[in-house]
Colleague: 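The structure that follows is given in the form of structure tokens.
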Amino acid sequence: MAAENTERAPAADFTFRDEVRNSDPAAIRRIIAGTGFFNETELEIAMELVVERLQKGASSGYEFCFAEAGSTLAGYACFGPIAGTVASFDLYWIAVAPGFQGRGLGKALLARAERAIAAAGGRRVYIETSSRAQYRDTRAFYGRCGYRLEAVLADFYAPADDKLIFVRQLGALA
């Protein structure tokens with residue numbers, strides 16, 4: 001009996017866009033909720049950022065990269081300049097829907113965000129995440145993508161849940 005082909009399509013099989021659509025808040029909520037990592041307050045924050053972008057446009061300070069598989073939003077990244085800095089940016093959110101994980105999509109979204117940041121004059125990208133065990137793979141992903149742990153804020157989110165701040169200096173990005 002022949003083995004079943006379970007190979008997943010690579011990130012190249014996705015289409016990417018930067019413009020925000022009215023359907024994105026609900027789709028982002030589905031992605032964020034589907035990961036099982038975030039509470040209701042965090043879900044609301046993720047949606048608020050995209051709604052603010054829809055309402056205020058570029059003046060919101062939030063930029064987005066979206067990945068789609070057909071008409072389905074498969075993942076996204078949200079980033080923006082850090083107020084009061086010359087060339088530093090925050091990556092606020094990066095998430096891939098569970099059914100699309102493991103295909104290089106997170107790496108492709110991060111690379112697109114980094115290119116957009118560099119094009120906007122950004123030189124450093126900061127990412128914050130939790131020290132909880134469930135974020136182990138997330139932290140490893142950032143490390144594989146060239147980010148280094150810059151700071152630890154003990155008990156930031158809750159007792160025994162530290163805020164970890166990763167940073168990457170952007171160089172010449174293709």
Side-chain angles (χ1 to χ4, degrees), residues 7-21 23-25 27-32 34-38 42 45-47 49-50 52-54 57-58 60-83 85-130 134-151 163-174:
E7 184 177 328
R8 294 178 170 184
D13 292 341
F14 295 92
T15 57
F16 295 89
R17 64 178 165 87
D18 299 325
E19 75 280 355
V20 180
R21 298 179 182 158
S23 60
D24 289 333
I28 285 172
R29 182 179 180 79
R30 281 191 299 276
I31 290 171
I32 297 296
T35 68
F37 279 38
F38 304 100
E42 292 165 323
I45 291 168
M47 289 183 12
L49 301 185
V50 72
E52 188 166 338
R53 174 61 191 216
L54 282 167
S60 70
Y62 301 117
E63 300 294 332
F64 289 84
C65 296
F66 298 96
E68 297 174 319
S71 61
T72 301
L73 188 62
Y76 84 106
C78 174
F79 56 94
I82 301 173
T85 69
V86 174
S88 295
F89 279 66
D90 270 326
L91 180 73
Y92 298 111
W93 289 90
I94 184 166
V96 174
F100 296 102
Q101 292 175 1
R103 303 183 197 189
L105 186 53
K107 188 173 182 179
L109 283 164
L110 183 56
R112 289 180 69 85
E114 289 172 343
R115 284 193 300 272
I117 289 167
R123 304 304 305 156
R124 291 170 68 89
V125 180
Y126 293 87
I127 302 174
E128 301 170 3
T129 194
S130 170
Q134 79 183 85
Y135 288 90
R136 184 176 296 115
D137 290 343
T138 302
R139 295 186 301 269
F141 168 75
Y142 296 144
R144 287 191 308 273
C145 292
Y147 286 78
R148 65 178 167 76
L149 182 61
E150 179 77 7
K163 177 191 233 181
L164 307 180
I165 303 171
F166 288 80
V167 64
R168 179 165 183 227
Q169 177 76 34
L170 299 182
L173 297 173

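Numbers here simply count residues along the sequence, with the first being 1.
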Colleague: Would you mind reporting whether Arg112 and Asp18 have side-chain heavy atoms less than 4.5 Å apart?
Modeller: yes
Colleague: Listed by chain and number, what are the ring-ring contact (aromatic ring centres under 6.0 Å, His included) partners of Phe166, not counting sequence neighbours?
Modeller: Tyr142
Colleague: Not counting sequence neighbours, which residues clear side chain to side chain contact (heavy atoms under 4.5 Å, CB included) with Thr72? List them please.
Modeller: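 Thr72: side chain to side chain contact (heavy atoms under 4.5 Å, CB included) contacts with Phe100.
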Colleague: What distance separates Lys107 NZ from Leu105 CG, expressed to the nearest 0.5 Å?
Modeller: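 Here the rounded value is 12.5 Å.
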Colleague: Within a 6.0 Å radius of atom CZ on Arg148, are there more than 12 heavy atoms belonging to other residues, nucleotides or ligands?
Modeller: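 More than 12 heavy atoms, drawn from other residues, nucleotides or ligands, come within 6.0 Å of this atom.
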Colleague: Checking Arg124 side chain against Gln169 main chain: does a donor-acceptor pair fall under 3.5 Å?
Modeller: no
Colleague: List for me each residue that meets salt bridge (Lys or Arg N to Asp or Glu O under 4.0 Å) alongside Arg144, sequence neighbours excluded, and say none if there are none.
Modeller: none
Colleague: What residues, two or more places apart in sequence or in another chain, satisfy side chain to side chain contact (heavy atoms under 4.5 Å, CB included) together with Lys163?
Modeller: Glu128, Leu153, Phe156, Tyr157, Ile165
Colleague: Measuring from atom CD1 of Ile127 to atom CG of Leu91, what distance do you get when rounded to the nearest 0.5 angstrom?
Modeller: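 Answer for the CD1-CG pair, Ile127 versus Leu91, is 4.5 Å.
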Colleague: Restricting to side chain to side chain contact (heavy atoms under 4.5 Å, CB included), what partner residues turn up for Leu73, sequence neighbours left out?
Modeller: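 For Leu73 the side chain to side chain contact (heavy atoms under 4.5 Å, CB included) partners, ignoring immediate neighbours, are Arg17, Asp24, Ala27, Ile28, Ile31, Phe66, Glu68.
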Colleague: Which value, rounded to the nearest 0.5 Å, describes the distance between Leu164 atom CG and Tyr147 atom OH?
Modeller: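 Answer for the CG-OH pair, Leu164 versus Tyr147, is 15.5 Å.
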Colleague: If I compare all heavy atoms of Phe79 with all of Cys65, which pair ends up nearest, and what's the gap?
Modeller: CE2-SG, 3.8 Å
Colleague: In chain order, what residues pass the side chain to side chain contact (heavy atoms under 4.5 Å, CB included) check against Pro25, with sequence neighbours excluded?
Modeller: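 With sequence neighbours excluded, Pro25 shows a side chain to side chain contact (heavy atoms under 4.5 Å, CB included) to Val50, Val51, Leu54, given in chain and number order.
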Colleague: Of Glu52, Arg53, Glu63, which is the lone residue that meets side-chain contact (heavy atoms from CB on, under 4.5 Å) with Val20?
Modeller: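 Testing each of Glu52, Arg53, Glu63 against Val20, the sole residue satisfying side-chain contact (heavy atoms from CB on, under 4.5 Å) is Arg53.
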